[in-house]
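Here's the structure we're looking at; comments come further down.
Values below: every heavy atom of this structure, side chains too, minus hydrogens, waters and symmetry copies.
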Amino acid sequence: GVQTCALPISKLRDINASFSEKQSELSKKREGVLTDQQKTAQAEVMQKIRDGSVSRQEAGETIAAALKLTPEQKTQLDSIENETRQLFQDATAQKLAVLTDEQRATLRKQMVTRSVERMFSLPGGLEPSDEQKVTLKTLQDELGAKLTDLTEKLATIMTDERRAAR
């Protein structure tokens, strides 16, 4: 993992605590938008996703169809989603600011590696057959290093552009 010293760990814990509290508030806000019937429908779809009977790609459409949101609810949920996204981005920026350049580079490499590994797995928690495992492993061996390299380069470019924009 990424090595940290006591001071950054303390700061990271504070950031996480603040983030967690705000995330909880946004979850409650979201819950307040949905009716009991919509909450039940959402829970049923989420269980199907966990069971693997609905893929993650289909999840958004399936949830939207099950919830039957009013235009007002959609507007409210879009606003909450934007707040949640911004909160996550802010928390990530705060966490990265605590780390050294070397730690940030290590963390970025770890995130890229996990992202590329996910590209070579089946969606929705589906278990691949032995033949699929061999095929996925072959593809990962052939393409994984190239994808990792390209993703790292893209992340570096984006990071450099963000720094320049500040």
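- If you take CG on L87 and OG on S18, they are separated by 7.5 Å, rounding to the nearest 0.5 Å.
- The pair E44-K48 fails the salt-bridge criterion, with no side-chain N (NZ, NE, NH1 or NH2) lying under 4.0 Å from an Asp/Glu carboxylate O.
- Taking a cutoff of 4.0 Å between a charged side-chain nitrogen and a carboxylate oxygen, R104 and D101 qualify as a salt bridge.
- Counting heavy atoms from C-beta outward, L96 and L107 have side chains that approach closer than 4.5 Å.
- The minimum heavy-atom distance linking A66 with V45 is given by the pair CB-CG2, 3.7 Å.
- Between Q86 and D90 the shortest side-chain heavy-atom distance falls below 4.5 Å.
- L147 has its side chain out of reach of Q140: every pair of non-hydrogen atoms, C-beta onward, lies at least 4.5 Å apart.
- Q38 and Q73 share a side-chain donor-acceptor pair at under 3.5 Å.
- Side-chain N or O atoms of T135 include one that pairs as donor or acceptor with a backbone N or O of E131 at under 3.5 Å.
- Between T106 and Q110, the closest side-chain pair of non-hydrogen atoms falls below 4.5 Å.
- Atom CD of Q132 has more than 12 heavy atoms from other residues, nucleotides or ligands within 6.0 Å.
- Residues I63 and M46 have side chains in contact (heavy-atom distance under 4.5 Å, counting atoms from C-beta outward).
- T84 OG1 to L26 CG: the interatomic distance, rounded to the nearest 0.5 Å, is 4.5 Å.
- Atom OG1 in T138 sits 14.0 Å away from atom NZ in K133 (nearest 0.5 Å).
- Note on V116: it clusters hydrophobically with L143, by side-chain heavy-atom contacts below 4.5 Å among ILVMFWY residues.
- No more than 12 heavy-atom neighbours from other residues, nucleotides or ligands sit within 6.0 angstrom of NZ on K74.
- Side-chain polar atoms of R85 and N82 form a donor-acceptor pair below 3.5 angstrom.
- Within 6.0 Å of CD on Q89 lie more than 12 heavy atoms contributed by other residues, nucleotides or ligands.
- Between atom CE of residue M111 and atom OG1 of residue T151 there is a gap of 11.5 Å, rounded to the nearest 0.5 Å.
- By the 4.5 Å heavy-atom criterion applied to side chains, L34 and L77 are counted as neighbours.
- Listed for the T113 side chain is a donor-acceptor partner under 3.5 Å among the backbone atoms of K109.
- Here the side chain of T148 pairs a donor or acceptor atom with the backbone of G144 at under 3.5 angstrom.
- For the pair E83/K29, a side-chain contact is recorded, criterion being any heavy-atom separation below 4.5 Å from C-beta on.
- Cation-pi geometry between K95 and F19 is met: under 6.0 angstrom from the ring centre, within 45 degrees of the axis.
- For the atom pair NZ of K39 and CZ of R30, the computed distance is 10.5 Å after rounding to the nearest 0.5 Å.
- Checked against E25 for a side chain to side chain contact (heavy atoms under 4.5 Å, CB included), the options K28, Q23, E21 give a single hit: E21.
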